[in-house]
Amino acid sequence: MPRPVPRLLSPSRLPRLLAFAGVALAGTALAGVSPALADGKLEARYKLSLAGLELGRAAFLLEVDDNSYTASGSARLTGVVQAISSGKGSAGARGTVQSGALVPRSFAMEAETEKKAEAIRLSLAGGNVTDAKVEPPVPPADDRVPMADKDKRGVLDPMTAALFLAPGSGDLMAPKNCERLLPVFDGRQRYDLDLSFERVDQVKAEKGYAGPALVCRISYKPVAGHRANRTSVKFMMRNKEMYVWLAPVAGTRVLAPFRASVATAIGVAQIEAVSFQTEPMVAKGAGAAPAKAGVQ
């Protein structure tokens, strides 16, 4: 059986799945973007499932205004997987809004199981990685594609990549808001996510948002840091059934993941919002300390 299923759903990848399963999603250069963002806040909770069976829970918190944004997420294994292996993780990112684009400044991720722990810290300036700390270090392998300095320039961290800043002042559900290529660096690998418009769906959370969602198809294109001979890498490169559903954050022109799905060898892996509560925060401004998202 191909390896992408356990690797994709492992505890260390649950926070990344919120991003890769948002699987993506902000562009480093959105020229001609919009009037003022205003202020907005999103608090969301997600269920992660495989072939209809719950495997995990995740939470995501976003605060954004004209000048800056902060995002944080956490995830833990639940359901049938928890009986085999306990695991949890958290991730966070912050950055600025410059010329209508989200520009990351820092990213951090931690994950642990009963067998190992993983931590990644990234610092960025102008889309370029200035410092990267990865524990444990990436092990050498004959088939690992080398990472060059150029691969760390003009990139997004995984969590910033889970957000869209829509250009102009038109319809947030416009097909053009899907059409983009996202350069992502997660500390271990550099890859592109190529998005294209699929359709517009109506979605409804158990709590919070009900309305249209922009559905984008995603293609995964590894660039560096990956192991070229791995079955999991080849599987994901060929995978034509990866999608993200994007819903608006009130008071802004930001779209955030409501749902994402990835076809695997044993069924569809999906992350979907059970709660998606969003509100404008015009009166609160950008100075408030960011809260942290916690899984319940």
Next on the checklist: Tell me the closest heavy-atom pair linking Asp192 and Val223, and the distance in Å.
Outcome noted: OD2-CG2, 3.9 Å

Checklist entry - Do Asn128 side-chain atoms and Gly154 backbone N/O form a donor-acceptor pair below 3.5 Å? => result yes

Checklist entry - Between Arg94 and Ser72, is any pair of side-chain heavy atoms under 4.5 Å apart? => result no

Checklist outcome for this item: Nearest heavy-atom approach of Gly267 to Leu50 is O-CD1, 3.8 Å

Next on the checklist: I'd like to know whether CG of Asp131 has more than 12 heavy-atom contacts from other residues, nucleotides or ligands below 6.0 angstrom.
Outcome noted: yes

Item to check | Side-chain heavy-atom pair Arg180, Phe164 within 4.5 angstrom cut-off | outcome: yes

Next on the checklist: With a 3.5 Å distance limit and no angle check, can you tell me whether Thr278 reaches the backbone of Ala250 through a side-chain donor-acceptor pair?
Outcome noted: yes

Item to check | Stepwise side chain to side chain contact (heavy atoms under 4.5 Å, CB included) test for Asp186 and Asp157 | outcome: CA-CA 6 Å; Asp186 68 6; Asp157 67 84; over 6 Å; no

Checklist outcome for this item: Interatomic distance, NZ@Lys116 vs CD@Glu135, rounded to 0.5 Å, equals 12.5 Å

Item to check | Sub-4.5 Å side-chain heavy-atom contact between Val274 and Arg57 | outcome: yes

Checklist entry - Should Glu118 and Arg188 count as an ion pair when the cut-off is N to O under 4.0 Å? => result yes

Next on the checklist: Looking at Asp143, I want to see if its CG is surrounded by more than 12 non-hydrogen atoms of other residues, nucleotides or ligands under 6.0 Å.
Outcome noted: yes

Checklist entry - With the threshold set at 4.0 Å, does a side-chain nitrogen-carboxylate oxygen contact exist between Glu110 and Arg121? => result yes

Checklist entry - Going hydrophobic residue to hydrophobic residue with side-chain gaps under 4.5 angstrom, can you get from Phe235 over to Val145? => result no

Item to check | Carboxylate-amine/guanidinium proximity below 4.0 Å for Lys221 and Asp194 | outcome: yes

Item to check | Lys/Arg N to Asp/Glu carboxylate O, Glu112 vs Lys115, below 4.0 Å | outcome: no

Next on the checklist: If hydrophobic clusters are built from ILVMFWY residues whose side chains come within less than 4.5 Å, do Met237 and Val244 share one?
Outcome noted: yes

Checklist entry - Salt-bridged, Asp201 to Arg199, with N to O below 4.0 Å? => result yes

Checklist entry - Roughly how far, to the nearest 0.5 Å, is the CD atom of Glu198 from the CD1 atom of Ile218? => result 11.0 Å

Next on the checklist: Side chains of Tyr69 and Thr160 only: does a donor on one sit below 3.5 Å from an acceptor on the other?
Outcome noted: yes

Checklist entry - Passes side chain to side chain contact (heavy atoms under 4.5 Å, CB included), Arg153 versus Val129? Steps please. => result CA-CA 6 Å; Arg153 294 196 290 265; Val129 177; over 6 Å; no

Checklist entry - Is a side-chain donor or acceptor of Thr130 paired with a backbone partner of Ser123 at a separation under 3.5 angstrom? => result yes

Item to check | Worked check of side chain to side chain contact (heavy atoms under 4.5 Å, CB included) between Asp151 and Phe185 | outcome: CA-CA 8 Å; Asp151 297 320; Phe185 177 68; over 6 Å; no

Item to check | His226 side chain near Tyr191 side chain, heavy-atom distance below 4.5 Å | outcome: no

Checklist entry - Arg144 side chain to Gly225 main-chain N or O, any donor-acceptor pair under 3.5 Å? => result yes

Checklist entry - Counting only N and O atoms by type, is there a donor-acceptor contact under 3.5 Å from the side chain of Arg217 to the main-chain atoms of Lys240? => result yes

Checklist outcome for this item: When every non-hydrogen atom of Pro248 is compared with those of Met173, the smallest separation belongs to CD-CE, 4.3 Å

Checklist entry - Does a side-chain heavy-atom distance below 4.5 Å link Val254 with Leu62? => result yes

Next on the checklist: Looking at Thr78 and Gly56, would you say the former's side chain and the latter's main chain have a donor-acceptor pair under 3.5 Å?
Outcome noted: yes

Checklist entry - Hey, is the main chain of Pro257 close enough, under 3.5 Å, to the side chain of Tyr46 for a donor-acceptor pair? => result yes

Checklist entry - Could you go step by step and tell me if Leu122 and Ser106 meet the side chain to side chain contact (heavy atoms under 4.5 Å, CB included) rule? => result CA-CA 6 Å; Leu122 303 179; Ser106 63; over 6 Å; no

Item to check | Val215 side chain reached by Val200 side chain, heavy atoms, under 4.5 Å | outcome: no

Checklist entry - Between CG of Leu53 and CG of Leu48, what distance do you get to the nearest 0.5 Å? => result 11.0 Å

Next on the checklist: A side-chain contact here means heavy atoms from C-beta on lying under 4.5 Å apart; do Leu124 and Arg105 qualify?
Outcome noted: no

Checklist entry - Looking at SG of Cys216 and CE of Met242, how far apart are the two atoms once the value is rounded to the nearest 0.5 Å? => result 13.0 Å

Item to check | Residues Glu272, Lys47; criterion salt bridge (Lys or Arg N to Asp or Glu O under 4.0 Å); working and verdict | outcome: CA-CA 5 Å; Glu272 182 168 17; Lys47 179 173 70 174; over 6 Å; no

Item to check | Side-chain donor/acceptor of Ser49 to backbone N/O of Gly52, under 3.5 Å | outcome: no

Next on the checklist: Under 4.0 Å between a side-chain nitrogen and a carboxylate oxygen: does that hold for Lys41 and Asp39?
Outcome noted: no

Checklist outcome for this item: Between the CE atom in Met236 and the NZ atom in Lys234, the distance rounded to the nearest 0.5 Å is 15.5 Å

Next on the checklist: Using side-chain heavy atoms (C-beta onward) and a distance below 4.5 Å, is Leu42 in contact with Leu61?
Outcome noted: no

